[in-house]
Amino acid sequence: KIVCDYCQSYVLVGDERTCIPEQYLQFADEIQNFEVKNDDIWVASYPKTGTTWTQEMVWMIANNLDFEGGKEPLGSRFPFFEVSTLFDQKKVYTAIELKEDEYNLNSVEFAAKQKSPRFIKTHLPFSLLPDQIKNGTKSPKIIYVWRNPKDTCVSYYHHGTLFQGWRTDLETFAEIFMADKAMYGSYWKNIFGYWEHRNSPNILFIKYEDMKTNLPSVIRQVAKFLEKDLTDEQIELLTKHLSFESMKNNPSVNFETYLERLRRSNFVVKDGSFIRTGVVGKYKEELSPEIVKKLDEWIKKNVTGTSFEQEYN
Ligand code: A3P
């Protein structure tokens, strides 16, 4: 067990030494040996890059715009593979008075038990995915969404203060993020791990900013990837359903019920919502010019000369 030298509370796992809570170690074998199915549909991403938005889009496309079925909470329709590795669920769920039949303490098992086609969300880097994906014996469809790191960083910071009681300031968090010491470690390794496999027919890369500028076009791209035909009318309906306002007011995706419970139990010290601003370039209002300069240099260092450079610009 190698403990993170920065926070002392994460462990560093795998060849890439990904920062993750120690609880991960209890599930590491189960994750590696997870029985993957070829018709699984995964959404993978670094945290705060538009994962929830992408999940809702993917689920709706794959389920022929089943708006009625979509009223079930996203977490049940599209489970978060490794969430049990991130915090002491029993402690939190007991404190917020969830009944035992309202949650599952083993998210890996919960994902395994879904009926096919299974929908699975993960933030794990490619290097920590189940062996059957890494060695290519199984080829589920994987949609990887990424977002510019400056907005990702700011969004991640707000998420931490809202859900996890972080008390650091944003500038300190930006340093932690650039040092690969945030939960899930390196933003770049996460992207590049999947990017290396971008030419595999079962992997699709999409970008948050493209969803903002032309959602119908991304919907078409994802529908093609999932081998689904959508009419223009359906694309229009889905675009409306996925709009920021609609998602913000949709209890099955906005985490409000969960947040409300956290608030009532004084777990949340700050006001705010999960679907927060949804704006590209919002970082400019929140980060100092000095930190933006540091982030820009860090981006340049990581992207210049790589095959991702063109995608980034
Ligand atoms: P902000 O915090 O910048 O507002 P994730 O699901 O990976 O945690 O990502 C959360 C981010 O996606 C948040 O970004 C959230 O507001 C944004 N988001 C969620 N739904 C969205 C939508 N329909 N349109 C635009 N942004 C959305």
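Nothing here was measured: the structure is a model prediction, and the numbers come from that model. In each ligand, atom 1 is the first atom listed, and ligand 1 is the first ligand listed. Residue numbers run from 1 in the order of the sequence given.
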> Parallel, tilted or perpendicular: which describes the rings of His159 and Phe274, with under 30° parallel and over 60° perpendicular?
Replying inline: perpendicular
> Can any side-chain N or O of Thr51 pair as donor or acceptor with the backbone N or O of Pro47 at less than 3.5 Å?
Replying inline: no
> Between Glu35 and Ala112, is there a donor-acceptor pair closer than 3.5 Å when you use the side chain of the first and the backbone of the second?
Replying inline: no
> For atom 19 (C) of ligand 1, what is the nearest protein heavy atom, given as residue, atom name and distance?
Replying inline: Ile275 CG2, 4.0 Å
>> So if I count the atoms of ligand 1 from 1 in the order they appear, which ones are less than 4.0 Å from some heavy atom of Thr52?
In response: 5 (P), 6 (O)
> Does Asp151 have a heavy atom less than 4.0 Å from any atom of ligand 1?
Replying inline: no
> Any heavy atom of Ser243 sitting closer than 4.0 Å to ligand 1?
Replying inline: yes
>> Tell me whether Lys48 reaches ligand 1 (any heavy atom closer than 4.0 angstrom to a ligand atom).
In response: yes
> Relative to atom 4 (O) of ligand 1, which among Val279, Val145, Leu242, Thr277 owns the nearest non-hydrogen atom?
Replying inline: Thr277
>> Which label fits Trp188 and Trp298: parallel for a plane angle under 30°, tilted from 30 to 60°, or perpendicular past 60°?
In response: tilted
>> Would you say the rings of Tyr46 and Tyr184 are close, in the sense that their centroids are separated by under 6.0 Å?
In response: no
> So, Gln55 side chain and Val43 main chain: donor-acceptor pair closer than 3.5 Å or not?
Replying inline: no
> Which residue owns the protein heavy atom closest to atom 7 (O) of ligand 1, what's the atom, and how far is it?
Replying inline: Thr51 OG1, 2.5 Å
> Please state which protein non-hydrogen atom is closest to atom 16 (O) of ligand 1 and give its distance, to 0.1 Å?
Replying inline: Arg276 N, 3.0 Å
> Going by heavy atoms, is Arg147 under 4.0 Å from ligand 1?
Replying inline: yes
> Counting each atom of ligand 1 from 1 as listed, which ones have a heavy atom of Met247 under 4.0 Å away?
Replying inline: 20 (N), 23 (N)
>> Suppose we measure from atom 13 (C) of ligand 1 to each protein heavy atom; which comes out shortest, and what is that distance?
In response: Ser155 OG, 3.8 Å
> With distance as the sole test, does Ser139 use its side chain to make a donor-acceptor pair with the main-chain N or O of Asn38 at under 3.5 Å?
Replying inline: no
> Hey, are Glu175 and Lys294 close enough for a salt bridge, meaning a charged N less than 4.0 Å from a carboxylate O?
Replying inline: yes
> Side chain of Trp53, backbone of Leu242: donor and acceptor closer than 3.5 Å?
Replying inline: yes
> Could an N or O of ligand 1 be found under 3.5 Å from any N or O of Thr49, whether backbone or side chain?
Replying inline: yes
> At the 4.0 Å heavy-atom cut-off, does Gly50 count as touching ligand 1?
Replying inline: yes
> What atoms of ligand 1 come closer than 4.0 angstrom to any heavy atom of Tyr208?
Replying inline: 12 (O), 17 (C), 25 (C), 26 (N), 27 (C)
